[in-house]
Amino acid sequence: MPTTATSTIEDRKRLVRRLAGDGRGFAEQYGFPVTNNPSSLFQLLCLSVLLARRGDHRKAVAAAAGLRDAGWDSAARLARSLQADRVRVLREQGQRGDVDALADRLGDLARTVVDRYRGDLRRLRAVAHHDPAAERRLLAELPGVDGAVVDLFLRETQALWREVAPVADRHALAAARRLGLGRSADDLAGLAGTGESERLAWLVGALARVDLEKRYAELTR
């Protein structure tokens, strides 16, 4: 694979400023605010489930937006939706494969979040006593949530749940390696700045977009 790696510390700092400069993470770039309220957090979790599937990330974003725009913008509202209606919305937004199973999984996820945490993922954080390992474990116990989904969710929420930082998903790390910014979430945290979990979230979100959208060439101009 051709490399576009930066060569000096100043080059890396300049690139980090460029990537994180607009002050928005991945989800925010696509119209999903990252705020510490039940509705926003659940939308981020649904978005993460959809992004973790194989396929065009833009269709995953469209599907998450479709669910929200259908009025299912919280765990409680999605839990009350009909499976056939979820299937219809997902198909309309370009989801392919076993869409019935995906609709079932999202419904199960919503009902479980309601049953265990009264629809509020902040309660999951409280149950975990703000311990990152416990938060990861409790998230992974939810229907349809595996390690990849957890990484995607925490990539965004580390701006709010600072104890989980640093987090970088596989796309962000692929871009970081290719651009010479490091090989781990810790490397990226060092470039973002100590204690700057919000800036780190912006950086890793931007890197994930670079990899998914294959925008490497524009960063070398």
Side-chain angles (χ1 to χ4, degrees), residues 20 23-53 60-61 64-65 67-68 70-81 86 102 104-170 172 184-186 188-189 192-205 208:
R24 292 185 294 177
F26 184 96
E28 289 172 320
Q29 288 282 358
Y30 287 105
F32 289 86
V34 179
T35 55
N36 200 29
N37 65 62
S39 179
S40 175
L41 291 172
F42 184 72
Q43 288 174 44
L44 292 173
L45 185 58
C46 287
L47 175 62
S48 300
V49 169
L50 290 160
L51 286 170
R53 301 183 84 221
V61 171
L67 295 172
R68 177 194 62 198
W72 309 322
D73 57 352
S74 68
R77 288 174 178 163
L78 187 60
R80 292 194 296 268
S81 67
R86 295 194 299 274
L102 175 60
D104 280 337
R105 192 154 59 246
L106 289 168
D108 289 343
L109 174 62
R111 286 186 291 272
T112 302
V113 171
V114 170
D115 291 344
R116 294 184 188 174
Y117 304 111
R118 286 183 270 176
D120 187 349
L121 290 168
R122 295 175 302 180
R123 294 183 183 277
L124 178 150
R125 188 186 185 200
V127 169
H129 302 290
H130 293 205
D131 176 72
E135 288 166 353
R136 281 183 171 273
R137 176 177 55 78
L138 291 174
L139 284 166
E141 290 176 357
L142 296 172
V145 177
D146 59 13
V149 175
V150 172
D151 282 343
L152 290 167
F153 177 73
L154 295 181
R155 178 188 70 190
E156 304 299 322
T157 58
Q158 66 186 321
L160 305 168
W161 298 6
R162 295 175 182 268
E163 68 274 7
V164 304
V167 179
D169 69 298
R170 65 184 182 87
S184 69
D186 286 326
L188 294 175
T194 304
E196 293 288 343
S197 62
E198 186 174 45
R199 191 162 186 255
L200 175 61
W202 301 340
L203 174 60
V204 297

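Predicted model, so just to flag it, every value in this text is computed and none were measured.
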Got a second to check how far [X]'s [atom1] is from [Y]'s [atom2], nearest 0.5 Å?
X: L109; Y: F42; atom1: CG; atom2: CZ; answer: 4.5 Å
X: L41; Y: L160; atom1: CG; atom2: CG; answer: 6.5 Å
X: R24; Y: Q29; atom1: CZ; atom2: CD; answer: 4.0 Å
X: R162; Y: T157; atom1: CZ; atom2: OG1; answer: 12.0 Å
X: L152; Y: R170; atom1: CG; atom2: CZ; answer: 8.5 Å
X: L121; Y: R116; atom1: CG; atom2: CZ; answer: 11.5 Å

My understanding is that only residues two or more places apart in sequence, or in another chain, count here; which of them pass ring-ring contact (aromatic ring centres under 6.0 Å, His included) with F26?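 Partners of F26 by the ring-ring contact (aromatic ring centres under 6.0 Å, His included) criterion, ordered by chain and then number, come out as Y30.
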Heavy atoms only: give me the nearest [X]-[Y] pair and the separation to one decimal.
X: V113; Y: A75; value: CG1-CB, 3.9 Å
X: A189; Y: P166; value: CB-CB, 3.8 Å
X: L50; Y: A60; value: O-CB, 3.5 Å

Would you say the side chains of N37 and S39 form a donor-acceptor pair under 3.5 Å?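 No donor-acceptor contact under 3.5 Å links the two side chains.
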Backbone N/O of [Y] and side chain of [X]: donor-acceptor pair under 3.5 Å:
X: R199; Y: A192; result: yes
X: R86; Y: S81; result: yes
X: E156; Y: A27; result: yes
X: S40; Y: T35; result: yes

Report yes if the side chains of [X] and [Y] come closer than 4.5 Å at any heavy-atom pair, otherwise no.
X: V167; Y: R136; answer: yes
X: L78; Y: C46; answer: yes
X: L203; Y: E198; answer: no
X: R111; Y: V114; answer: no
X: V127; Y: L124; answer: no
X: Q158; Y: L200; answer: yes

Before accepting this row, confirm whether a basic side-chain N of the pair [X]/[Y] lies closer than 4.0 Å to the acidic partner's carboxylate O.
X: D108; Y: R105; value: no
X: D120; Y: R122; value: yes
X: R77; Y: D73; value: yes

Ring centres under 6.0 Å, that's the criterion: do W161 and F153 meet it?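 Ring-ring flag for W161/F153: true, centres closer than 6.0 Å.
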Kindly determine whether V164 and E135 satisfy side chain to side chain contact (heavy atoms under 4.5 Å, CB included), including the steps that lead there. CA-CA 8 Å; V164 304; E135 288 166 353; 2.9 Å; yes
Less than 6.0 angstrom from the centroid, inside 45 degrees of the normal: does R68 satisfy that with respect to the ring of F32?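 Yes.
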